[in-house]
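Input: a single structure, listed below in structure tokens.
The figures that follow rest on heavy atoms only: side chains count, while hydrogens, waters and symmetry mates do not.
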Amino acid sequence: MNAMSENGRLKIAMQKSGRLADMSMQLLEKCGISLSKSRDQLLCMADNFPLDVFLVRDDDIPAFLATNVCQLGILGQNALLEQQANENGKYAGLEEVMALGYGKCRLSIAVPNDFDYKDVTSLAGKTIATSYRGLLSNYLAEKNVSADIVTMQGAVEVAPRTHLADVICDLVSTGNTLKSNGLRETDIVMQSQAVVIKNAIDDPEINLIYEKLIARLRAVLRAENSRYIMLNSPIDSLDAIKAVLPGSQSPTVMPLQGRDDMVAVHAVCEEGVFWNTMEALKAKGANSILVVPIEKMLD
């Protein structure tokens, strides 16, 4: 056992800066965890939960888990899979626990607008610039395409314009950067988002803390994606209205005082409740429709 895990506190490694880092910190705060940063800003210790947060480069997170400095990590799937593709089994023991639904992007191949592209075989014999050599190599091997790969650590999108490569393979979010550099997206190598990963936790005490944290994370994410909906329904329309409620398994139906033709319906909807949903409910006879967010939800 690593000495770092002997103080009875769970350790989690996260990206130290950027949007993903900010959202990860906000997620922990929504779990009721109050964090205090150290002077060097590289370690946060929870005041009200046995958790220490290490703020590091995303490329270093798998190594922190592989050496048991930390038991958990939050990073993009792309970063994890790239390390696993390059390190000859070094990180094979790291397990993806749950997807977090933010930090979404895709690793894509993009070509200049004037490139004669028909399908992935058009890349045969070409030079591709990327920061993700491992993932790209695996993808090309699956497609039986032979191409040269140039590894770049930044500004990959300028490679065709500067004649360093014919095409690129890079992370894409909105696609605006590609367009501004005269590139178009052709193939998606993988979809990515932020995930929680873990190593093989062998300390029962640490494992209990881990399970409690994961339960809180799941509860927060479920609450964020759910809505509590209240409405009044004619009894004759109740079945039709229940059929419209999105993602609701068993709504609560209650009598309305002084009415024998109407009931109140309360439900947790685990899908989006949009204007067209509310309009569909109204069309079925519902009225006094109220939709509110849910702050916390624990089974």
Side-chain angles (χ1 to χ4, degrees), residues 19-20 22-33 49 72 74 76-77 95-106 108 172-175 185 188 190-198 207-299:
R19 185 168 179 269
L20 191 147
D22 294 339
M23 296 187 74
S24 298
M25 293 295 285
Q26 291 169 14
L27 178 59
L28 291 178
E29 290 170 0
K30 289 177 181 177
C31 289
I33 297 172
F49 192 85
L72 294 185
I74 296 179
Q77 287 170 312
E95 174 189 350
E96 183 179 317
V97 178
M98 61 187 296
L100 297 175
Y102 58 83
K104 291 185 176 181
C105 60
R106 56 195 180 274
S108 293
V172 179
S173 181
T174 64
E185 193 175 356
I188 298 177
M190 69 164 292
Q191 299 279 0
S192 179
Q193 62 178 302
V195 293
V196 178
I197 63 173
K198 67 181 284 289
N207 194 61
L208 286 174
I209 301 169
Y210 154 75
E211 290 177 351
K212 182 179 290 188
L213 176 62
I214 291 298
R216 290 193 187 189
L217 290 172
R218 293 192 192 281
V220 168
L221 293 177
R222 185 181 175 198
E224 286 183 346
N225 295 321
S226 302
R227 295 293 182 268
Y228 194 79
I229 184 167
M230 297 170 279
L231 56 87
N232 294 338
S233 165
I235 292 178
D236 294 342
S237 303
L238 183 58
D239 288 341
I241 285 174
K242 287 164 65 176
V244 174
L245 290 172
S248 176
Q249 296 179 352
S250 53
T252 300
V253 179
M254 299 170 288
L256 283 173
Q257 186 174 5
R259 299 290 298 266
D260 57 8
D261 61 333
M262 299 281 290
V263 291
V265 179
H266 291 201
V268 173
C269 297
E270 297 188 29
E271 299 175 14
V273 180
F274 304 104
W275 281 107
N276 56 353
T277 306
M278 297 175 68
E279 290 161 354
L281 290 168
K282 184 174 177 63
K284 297 295 184 181
N287 60 53
S288 302
I289 304 169
L290 179 64
V291 179
V292 295
I294 298 173
E295 182 178 345
K296 296 180 179 67
M297 185 166 62
L298 188 64
D299 287 333

If you measure from [atom1] on [X] to [atom2] on [Y], what distance do you get to the nearest 0.5 Å?
X    : Y    : atom1 : atom2 : answer
C269 : I294 : SG    : CD1   : 8.5 Å
L290 : N232 : CG    : CG    : 10.5 Å
M25  : I74  : CE    : CD1   : 10.0 Å

Identify all side-chain donor-acceptor contacts of residues 254-262 below 3.5 Å with residues at least two apart in sequence or on another chain.
from : atom 1 : to   : atom 2 : distance (Å)
R259 : NE     : D261 : OD1    : 2.9
R259 : NH2    : D261 : OD1    : 3.3
R259 : NH2    : D261 : OD2    : 3.1

Of all heavy-atom pairs between [X] and [Y], which one has the smallest distance, and what is that distance?
X    : Y    : result
G76  : L20  : N-CD1, 4.2 Å
L238 : S233 : CA-OG, 3.7 Å
C31  : V220 : SG-CG2, 3.8 Å
K198 : L72  : CB-CD2, 3.4 Å
K284 : I241 : CB-CG1, 3.6 Å
E185 : S108 : OE2-OG, 2.5 Å

Should T277 and I229 be marked as a side-chain contact (heavy atoms from CB on, under 4.5 Å) after you check the CA-CA gap, both sets of side-chain angles, and the distance that decides it? CA-CA 11 Å; T277 306; I229 184 167; 5.8 Å; no

By side-chain hydrogen bond (donor to acceptor under 3.5 Å, both in side chains), E95 pairs with (sequence neighbours left out) none

With side chain to side chain contact (heavy atoms under 4.5 Å, CB included) as the test, pick out the partner of L213 among L28, L208, V196. L28

Evaluate the criterion side-chain contact (heavy atoms from CB on, under 4.5 Å) for residue pair R222 and R218; output intermediate values, then yes/no. CA-CA 6 Å; R222 185 181 175 198; R218 293 192 192 281; over 6 Å; no

Taking Q191 for the side chain and R106 for the main chain, is one N or O donor matched with an acceptor at less than 3.5 Å? no

Assess whether side chain to side chain donor-acceptor pair (under 3.5 Å) is satisfied between Q26 and D22, documenting all intermediate values. CA-CA 6 Å; Q26 291 169 14; D22 294 339; 5.9 Å; no

Do I33 and R216 have side chains that approach each other closer than 4.5 Å (heavy atoms only, starting at C-beta)? yes

